[in-house]
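Before any comments, here is the structure.
Heavy-atom basis, side chains included; hydrogens, waters and symmetry copies ignored. Fair warning: this is a prediction, and the values are worked out from it, not measured in the lab.
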Amino acid sequence: IEGPGGDALAAQLRAQYAVALVDEFQDTDPRQWRIFDRVFGSGAPSPALFVIGDPKQAIYGFRGGDVETYLAAKQSAEDAPPLSANFRSRPALLQAVQALYAQAGETAFLDTRIRFHEVTPGGTRNDDDFLRNAVAAPALTLWQALTPEPDARGNTKPHSAGTSRELATAACTAAIHAVLSDARQGSATLQRKDSRATPVQPGDIAVLLHRNADIDTL
């Protein structure tokens, strides 16, 4: 796109595609952004480029995407209203997450250019879609490790990173075991798409970890 035939190529692409829309824009790397911007954005006679993304997801660095590319693009773009409804989560979960970030304040993501936007339930999920012991399961549970034992001098030091991971892994394993044990007894159920309430299955549970190799410890 930057070579001798770049202008002709850009003009041909604009003639072939009247509008460009990039979904999951947080996964765009700097080189890709330069191409999009050159062909359909600020380099075009009539910009026709729309991007949709969430900078908070850029932390995963998926396919070379980075948050600085997102923020640089945002500076040259005209903001559209953020998506306002969540159709996947239970209302109680949305309330819990919003309360968590309200507590964290404007610096929740360290960079004040990245903000948390509250959303409303989309109406397709209910709190009783996930039941434990015949009542809606808690939407969010925070777990805290016990304070380490004092050393011989009476000083208490924080857990090491390795110990913290081991403790968190054990807590996560215990929580999963408890849900599946309840499910076997019929007291942990999920509302399915066909409106049936069936016991929670192992495949219904997802665990997010920093590295794929960490899953071996569970």
Side-chain angles (χ1 to χ4, degrees), residues 1-2 6 10 13-14 17-125 138-145 158-159 161 164-165 168 172 206-215:
I1 205 71
E2 296 175 350
L13 289 170
R14 287 194 290 267
Y17 303 102
V19 174
L21 185 150
V22 184
D23 196 11
E24 303 292 354
F25 184 75
Q26 73 276 350
D27 298 330
T28 302
D29 64 35
R31 185 183 184 194
Q32 291 171 330
W33 167 237
R34 288 196 301 270
I35 296 172
F36 293 136
D37 190 41
R38 168 71 176 81
V39 179
F40 296 103
S42 61
S46 299
L49 175 61
F50 297 86
V51 298
I52 304 171
D54 180 0
K56 296 183 292 298
Q57 296 184 43
I59 60 174
Y60 301 109
F62 185 58
R63 291 198 301 249
D66 70 281
V67 70
E68 291 302 328
T69 298
Y70 178 99
L71 294 174
K74 188 176 187 299
Q75 285 184 333
S76 63
E78 180 181 343
D79 282 344
L83 299 178
S84 60
N86 181 309
F87 295 89
R88 298 178 176 178
S89 302
R90 296 187 296 151
L93 176 59
L94 297 180
Q95 293 170 7
V97 171
Q98 289 167 5
L100 188 66
Y101 281 107
Q103 185 87 357
E106 295 186 355
T107 58
F109 303 102
L110 301 182
D111 192 323
T112 56
R113 294 175 296 174
I114 303 174
R115 298 296 181 90
F116 176 81
H117 296 280
E118 293 190 5
V119 294
T120 58
T124 58
R125 294 289 182 267
L140 181 66
T141 300
L142 301 180
W143 173 84
Q144 182 177 359
H159 291 298
S164 296
R165 292 190 187 97
C172 181
V207 180
L208 299 181
L209 293 170
H210 184 60
R211 301 174 303 169
N212 289 337
D214 293 337
I215 196 67

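Applying the salt bridge (charged side-chain N to carboxylate O under 4.0 Å, His left out) test to every pair with at least one member in residues 78-104, sequence neighbours left out, gives these pairs: K74-D79. Within the structure, salt bridge (charged side-chain N to carboxylate O under 4.0 Å, His left out) pairs that include any residue of residues 40-49 do not occur (at least two apart or interchain). Each salt bridge (charged side-chain N to carboxylate O under 4.0 Å, His left out) pair with one or both residues in residues 46-62, not counting sequence neighbours, appears once here: D54-K56. Applying the ring pair (Phe, Tyr, Trp, His ring centres under 6.0 Å) definition to pairs two or more places apart or across chains, those involving residues 22-57 are F25-W33.
By the side-chain hydrogen bond (donor to acceptor under 3.5 Å, both in side chains) test, E68 pairs with no residue at all, sequence neighbours left out. Qualifying side-chain hydrogen bond (donor to acceptor under 3.5 Å, both in side chains) partners for S42, counting only residues two or more places apart in sequence or in other chains: D37. Considering only residues two or more places apart in sequence or on other chains, R165 meets the side-chain hydrogen bond (donor to acceptor under 3.5 Å, both in side chains) condition with none of them. For the side chain to side chain contact (heavy atoms under 4.5 Å, CB included) test, no residue two or more places apart in sequence or in another chain qualifies with A77. In this structure H159 satisfies the side chain to side chain contact (heavy atoms under 4.5 Å, CB included) test together with A145, P148, T163, S164, L167, sequence neighbours excluded. Under the side-chain hydrogen bond (donor to acceptor under 3.5 Å, both in side chains) criterion, D27 pairs with no residue, sequence neighbours left out. In terms of the side chain to side chain contact (heavy atoms under 4.5 Å, CB included) criterion, residue partners of R125 (sequence neighbours excluded) are, by chain and number, D129.
The two residues Q26 and G53 have their closest heavy-atom pair at OE1-CA, 3.2 Å.
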Considering only distance and modelled atom types, tabulate donor-acceptor pairs under 3.5 Å from the side chains of residues 94-109, sequence neighbours left out.
unit_1	atom_1	unit_2	atom_2	d
Q98	NE2	V119	O	2.7

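At a threshold of 4.0 Å, the pair R113-D111 counts as salt-bridged, since one of the basic side-chain nitrogens sits closer than that to a carboxylate oxygen.
Within the 4.5 Å cutoff, the side chain of E2 has no heavy atoms near those of the R38 side chain.
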